[in-house]
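One structure below.
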Amino acid sequence: MSEFSKWKVLEKRFGTAVKLARRPVAVSYLERAPGGVEKFEGSEPSGCSFWRLAADGGTFYTVPEDHFNCAVGAYTHNITLSPEREQETGITLKMMFDLGYVKPEEVPQIPRLEKTPAVVLYSPLGETPAAPDVVLFVCEPRFAMLLNEAANRAGVASGSPALGRPTCMALPASLQHGAIFSLGCVGNRVYTGLGDDQVYFVVRGRDLEAIADALEVVNTANAALNDYAIGRRQTLSSD
């Protein structure tokens, strides 16, 4: 099986096993632009906006300058803003501090990429031209539960609690620790259109096959337990 076919098959396997609200998004951090892939042209208000474009079918790459509109996203991706934009990080953080949205002592604890990526490739999983470093799944909590159980069974779950704000820290956190939930922060929900009933499940690309294999067992077990629980409720509930 070719590398390209591998990702296509995996996207189909996940789409069959769980109900996904959007196509899974593959993100790759590269040293150089991939051949045959167009560079992103235009402007977006946040780094997570690129997730929306990829989920809608776009395959493209960005360079650090494309992330300058998002001081927080640039921080989590270890991207240094240009001198004329550098003050925006301080302004953004001060606003968040003043609102009580985040405490100053929390900032150093926010996960970041260890190295600034020269290029970030975004694509639907099944169409990615390069091995993904991390993959983003969007689904309802019920199906995120199944993905999490599969990650646990495969031994690749982070064991960390669900992440809150900022959502973009879920990518470096997953790379460092394994599969992880993100509840989606307010900015991400605005910029990506994430539904009120949807969350993220973020996994390392190298763990995809193990999770897909484990999903088969997890789904069978959950179907049997669903019937078992229904029977117990009908028999033992007094209402």
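All values derive from a computational prediction rather than experimental measurement.
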Problem set entry | Atom of A179, atom of F201 and distance for their closest heavy-atom approach | CB-CZ, 3.6 Å
Problem set entry | Donor-acceptor contact present, side-chain R52 to main-chain Y191, <3.5 Å | yes
Exercise. Does some side-chain heavy atom of L30 sit less than 4.5 Å from a side-chain heavy atom of P117?
Worked result: no
For this session: Without swapping roles, check the side chain of N226 against the backbone of N222 for a donor-acceptor pair under 3.5 Å.
Result: no
Exercise. CG of L20 to CZ of F14: how many Å apart, nearest 0.5 Å?
Worked result: 8.5 Å
Problem set entry | OG1 on T192 to CZ on R189, rounded to 0.5 Å | 8.0 Å
Problem set entry | Residues D213, R153; criterion salt bridge (Lys or Arg N to Asp or Glu O under 4.0 Å); working and verdict | CA-CA 10 Å; D213 291 342; R153 180 176 178 81; over 6 Å; no
Exercise. Hey, are K115 and E31 close enough for a salt bridge, meaning a charged N less than 4.0 Å from a carboxylate O?
Worked result: yes
Exercise. Under a 4.5 Å side-chain heavy-atom rule over Ile, Leu, Val, Met, Phe, Trp and Tyr, are V217 and V156 clustered together?
Worked result: no
Exercise. Under a 4.5 Å side-chain heavy-atom rule over Ile, Leu, Val, Met, Phe, Trp and Tyr, are L194 and I180 clustered together?
Worked result: yes
Exercise. Out of curiosity, L10 CG to K12 NZ, how far, rounded to the nearest 0.5 Å?
Worked result: 12.5 Å
For this session: Start with the C-alpha distance between T62 and E44, add both sets of side-chain angles, then the distance that settles side chain to side chain contact (heavy atoms under 4.5 Å, CB included), and finish with yes or no.
Result: CA-CA 11 Å; T62 63; E44 289 292 336; over 6 Å; no
Exercise. If you measure from CE on M145 to CD on E140, what distance do you get to the nearest 0.5 Å?
Worked result: 11.5 Å
Seminar exercise, completed: Minimal heavy-atom distance between A54 and F60, with the atoms involved, is N-CE2, 4.1 Å
For this session: Report whether L163 and V134 are members of the same hydrophobic cluster (ILVMFWY, side-chain heavy atoms less than 4.5 Å apart, transitive linking).
Result: yes
For this session: Drop me the distance from N148's CG to I211's CD1, to the nearest 0.5 angstrom.
Result: 9.5 Å
Problem set entry | Minimum side-chain heavy-atom gap L171-Y29 below 4.5 Å | yes
Exercise. What pair of heavy atoms forms the shortest contact from V135 to A26, and how long is it?
Worked result: CG2-CA, 4.3 Å
For this session: Determine, step by step, whether F137 and Y200 satisfy the ring pair (Phe, Tyr, Trp, His ring centres under 6.0 Å) criterion, reporting the C-alpha distance in whole Å, the side-chain angles of both residues, the deciding distance to 0.1 Å, and the verdict.
Result: CA-CA 6 Å; F137 293 92; Y200 291 100; over 10 Å; no
Exercise. Is there a side-chain contact between R142 and K19 (heavy atoms, below 4.5 Å)?
Worked result: no
For this session: Kindly indicate whether the side chain of P172, heavy atoms from C-beta on, has any atom under 4.5 Å from the side chain of L113.
Result: yes
For this session: Would you sort out whether V27 and D133 count as a side chain to side chain contact (heavy atoms under 4.5 Å, CB included), showing the intermediate values?
Result: CA-CA 6 Å; V27 182; D133 288 301; over 6 Å; no
Problem set entry | Minimum heavy-atom distance between P45 and C70, given as atom pair plus value | O-CB, 3.8 Å
Exercise. Counting only N and O atoms by type, is there a donor-acceptor contact under 3.5 Å from the side chain of S174 to the main-chain atoms of A170?
Worked result: no
Exercise. When you measure from the side chain of E11 to the backbone N and O of V25, does any donor-acceptor pair fall under 3.5 Å?
Worked result: no
Exercise. Is L136 reachable from L53 through a run of I, L, V, M, F, W or Y residues, each pair having side-chain heavy atoms under 4.5 Å apart?
Worked result: yes
For this session: Please work out which of the three classes, parallel, tilted or perpendicular, describes the rings of F50 and Y122, given edges at 30° and 60°.
Result: tilted
Problem set entry | Minimal non-hydrogen separation, T167 against C185, with atom names | OG1-N, 2.7 Å
Exercise. Just by distance, with hydrogens left out, do T128 and S123 show a side-chain donor and acceptor under 3.5 Å apart?
Worked result: no
Exercise. Less than 4.5 Å apart, any side-chain heavy atom of R165 and any of V72?
Worked result: no
Exercise. Say you draw a straight line from CG of L175 to CZ of R112; how long is it, rounded to the nearest 0.5 Å?
Worked result: 14.5 Å
Exercise. Is the F40 to Y61 ring centre distance short of 6.0 Å?
Worked result: no
Exercise. So, do V18 and C139 sit near enough that their side-chain heavy atoms are less than 4.5 Å apart?
Worked result: no
Exercise. For the residue pair M169 and P111, what are the closest heavy atoms and their distance?
Worked result: SD-CD, 3.5 Å
Exercise. Is any side-chain heavy atom of K39 less than 4.5 Å from a side-chain heavy atom of D66?
Worked result: yes
Problem set entry | W51 side chain near N188 side chain, heavy-atom distance below 4.5 Å | yes
